[in-house]
Amino acid sequence: MLNGSVWVTAGSAFCISDARGDVRGREEGLFYRDTRHLSRFVLRVNGEIPHLLSSESSGDCAGFYLFAPAGGSRNGLSIMRRRELAGGLREEIRLTNHTRRPVEALLELELDADFADLFEVKEHPAGRTDEPVREDGGGLRFVYRREDFRRDTRVRLETAEGGVKLDSGRVGTRLSLEPKQTATVLVTITPEAGGVPAAAPAGPQRSVSPALHTDWETLERTWEQSLADLRALSFRLDGEPGLLLAAGLPWFMTLFGRDALITAFQTVHLDPEFSRSTLRALARRQATDFDDFRDAEPGKILHELRFGELAHFGEVPHSPYYGTVDATPLFLVLLHEAWRWTADEEFVRELERPARRALEWIKRYSDTDGDGYADYRMRSSRGLNNQGWKDSDNSVLYADGTRAEPPIALCEAQGYVYDALMRSAELAERVWRDAGLARKLREDAADLKRRFDRDFWVEARGGYYALALDGTGRQVDSVTSNMGHLLWSGIVPEERSRAVADRLMEDALFSGWGVRTMSEEDGGYNPIEYHNGTVWPHDNSLIAYGLYRYGYRAEANRIATAMIEAARHFDYRLPEVFAGYRREETRFPVGYPTTCSPQGWAAGTPPLLVRAMLGLEPDPESCELALDPALPEPLSTLRLENVPAFGELWTVEG
């Protein structure tokens, strides 16, 4: 279920319907490659919409259980809609006559396809199709053309009794059912892009994933749900042999640089191949030139890739769009992390050139105002004003609640750059055999760490790191979760780490369900504002991993326990975001109305939390796994089986 709707997804396609299985709402439909191929899909039996019993969904399939009056009985006819998505949509509709009389049932499906671009769906797009074309054998075809852009939707209805009826925007058949008899109607809906039908995702959605065994049932069920969500979000991109992970359902079923890189980091111990596929796909689309409309510079890693009509004709910059300050350093972080888990030097040499281009982007283009820090300033007329992970327009606020003006140098972006420099130095030294580059990168990292501590540290309120510096060098002094990412990156001096940990865990920032995006004490705080007071699971997983890295195991476990306990209230699936109310106020985590669920880095949260609990780290020199478990109180045992590392499967236990 997704905010009362039911979804199925497979590869680059997804379908959102109401609980009956019908598509008729403004944001519902069958979508393929960022285009809505079906905007109406309504089942009627004898002219009436059936009544709902229940519905369920799981990844690429869903079931809808309905009833309708027949034979003098209010519920004489039961109707089961079983929907699968594998390239196209396949729906089996079974009608059963539960009465003692013969029943005539006219089954009809109302259909339309507006071929709206995903960016337009929320803006009440007008229909853009001609009348559907009838096809032999009981089918309709909807067609949309604009110059060299073409999309088709083919609808076919099959029934053992024959007699398919075709009208404009409607297919149907009349069924004669004896008492207790069941009849089945099969509907197939195939989207086409450029004349090529949508294909079923090739091969298994993921390789064997580690199995988790523990005496804490909530953790075990949350783990299983995360793996299921990661499988549901897996897809293949044109020209890419490996699996990638979409950012989230419903509106982000495509490649996002930052999201894919962070999720790959969170799950590298589940499947290192996903990390390699992500890095290869992003390297092939690395910017090679300047393009203000797409916020691109040479060496930059993309933010978002789209395939719809608006991107095709350059009406939006997402072909791809590069408005992100952090994807490029995160690319280098993940490259090193993938090497740590595989010791695959050949792969690191394969990506040496893209990695060097990314380092060059950091050096030459990431600093727009010459103050020595990676920052951003939107140049595109259709881009993002804020280009960190908190990318809403009002996400960078001073403590008094007023907005900071660009260029903006986010604190966590400096941490990512520091980490990228340090990790790249090790790759340069050990794999690329470039001692000079390794030395220079370490010198630059040390200088950045020194300057960062000087310019971002705030002595007030017990000591903390500012959210950002604005274009004048003024500290954006709100207390936010962003500083937790600094522990993950390692840019925090040891002597400051205790103060950072204390700020993260104080009541003003820690809600009891997790670390909020903004402290209650700041002027912009709102527990239901997207980036200014809510709790984001992925954010908490990176904070917990950073606390673990600095040796604050109790604090890391406190976050991990809160996250897993919160998952139980969301049917064991952590959402993208939830409200930041205090735990003692609500007794349960309060949902957020427009959250993605499932969502990539939310699904990646439990795996990274488990890794931190176990203290699980790879050693590429010895090709061994190190273990330093510190389990939170609800746990007494924790075992992972089939952990892939260095070409083998490992079992680890804490």
Side-chain angles (χ1 to χ4, degrees), residues 258 261-263 265-266 326 329-330 333 388-390 395-397 399 409-419 449 452-453 456-458 461-468 475-522 525 531-563 566 574 576-578 580 601-602 604-606 608-609 611-613:
R258 177 194 305 117
L261 291 162
I262 287 178
T263 308
F265 183 95
Q266 292 172 310
D326 48 18
L330 288 171
V333 169
W389 82 261
K390 296 177 180 177
S395 63
V396 183
L397 304 177
L410 294 168
C411 68
E412 77 272 19
Q414 316 319 312
Y416 301 161
V417 168
Y418 171 81
D419 200 16
K449 186 173 186 176
F452 174 81
D453 187 60
F456 279 76
W457 183 253
V458 180
R461 300 164 71 176
Y464 65 101
Y465 285 103
L467 167 59
Q475 292 177 337
V476 183
D477 56 349
S478 52
V479 173
T480 66
S481 64
N482 301 56
M483 69 175 137
H485 294 222
L486 303 175
L487 298 174
W488 172 41
S489 71
I491 198 172
V492 178
E494 288 289 342
E495 61 271 20
R496 300 280 201 205
S497 64
R498 179 75 264 175
V500 172
D502 288 346
R503 294 292 77 69
L504 291 166
M505 303 310 299
E506 65 187 4
D507 289 345
L509 204 55
F510 187 76
S511 73
W513 295 113
V515 178
R516 300 181 182 94
T517 44
M518 180 175 284
S519 166
E520 286 180 319
E521 297 172 350
D522 284 88
Y525 170 78
H531 287 131
N532 297 326
T534 50
V535 174
W536 287 64
H538 92 278
D539 188 27
N540 276 263
S541 76
L542 298 176
I543 294 169
Y545 189 76
L547 288 164
Y548 146 72
R549 177 175 180 174
Y550 275 78
Y552 299 110
R553 305 299 292 273
E555 290 83 355
N557 281 339
R558 188 179 175 199
I559 292 174
T561 302
M563 283 287 106
L574 282 169
E576 172 190 22
V577 55
F578 54 88
W601 57 22
T605 291
L608 188 58
L609 295 175
R611 179 179 168 185
M613 293 176 195

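A quick note: this is a predicted structure, and the numbers were derived from the prediction, not measured.
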For residues [X] and [Y], determine if any side-chain heavy atom of one lies less than 4.5 Å from a side-chain heavy atom of the other.
X      : Y      : result
Ile543 : Leu487 : no
Leu542 : Glu412 : no
Tyr548 : Met613 : no
Ile559 : Met505 : yes
Met483 : Leu504 : yes
Asp539 : Trp601 : no

Looking at [atom1] of [X] and [atom2] of [Y], how far apart are the two atoms once the value is rounded to the nearest 0.5 Å?
X      : Y      : atom1 : atom2 : value
Leu467 : Phe456 : CG    : CZ    : 9.0 Å
Arg558 : Tyr552 : CZ    : OH    : 15.5 Å
Asn482 : Ser395 : CG    : OG    : 8.5 Å
Leu608 : Tyr545 : CG    : OH    : 7.0 Å
Tyr550 : Glu555 : OH    : CD    : 14.5 Å

Taking all non-hydrogen atoms of both residues into account, name the closest pair between [X] and [Y] and its distance.
X      : Y      : value
Ala466 : Cys411 : O-CB, 3.3 Å
Gly388 : Leu410 : CA-CD1, 3.6 Å
Tyr418 : Gly490 : CE2-O, 3.4 Å
Val515 : Asn540 : N-OD1, 2.6 Å
Asp326 : Tyr416 : CB-CD1, 3.5 Å
Ser541 : Gln266 : OG-NE2, 3.0 Å

Under a 3.5 Å distance rule, please check whether [X] uses its side chain to pair with a backbone N or O of [Y] as donor and acceptor.
X      : Y      : answer
Arg553 : Ala612 : yes
Ser489 : Asp419 : no
Thr517 : Gly533 : yes
Thr534 : Val577 : no
Asn532 : Met518 : no
Ser478 : Leu397 : yes

Taking 4.0 angstrom as the limit, do [X] and [Y] come out as a salt bridge?
X      : Y      : value
Glu506 : Arg503 : yes
Asp522 : Arg516 : no
Arg498 : Asp502 : yes

What class does the angle between the rings of Trp536 and His531 fall in, given that below 30° is parallel, 30 to 60° is tilted and above 60° is perpendicular?
parallel

For the residue pair His485 and Trp389, categorise the inter-ring angle as parallel (less than 30°), tilted (30 to 60°) or perpendicular (more than 60°).
parallel

If you apply the rule side chain to side chain contact (heavy atoms under 4.5 Å, CB included), what do you find for Val500 with Leu486, and how did you get there?
CA-CA 9 Å; Val500 172; Leu486 303 175; 6.0 Å; no

What I want to check is whether the side chains of Tyr465 and Asp453 have a donor and an acceptor closer together than 3.5 Å.
yes

Is there a side chain to side chain contact (heavy atoms under 4.5 Å, CB included) between Thr480 and Lys390 once you walk through the steps?
CA-CA 11 Å; Thr480 66; Lys390 296 177 180 177; 3.8 Å; yes

Pair Val479-Glu521, side chain to side chain contact (heavy atoms under 4.5 Å, CB included): steps then yes or no
CA-CA 8 Å; Val479 173; Glu521 297 172 350; over 6 Å; no

Checking side chain to side chain contact (heavy atoms under 4.5 Å, CB included) for the pair Val535/Met563: CA distance, chi angles, key distance, verdict?
CA-CA 10 Å; Val535 174; Met563 283 287 106; 3.7 Å; yes

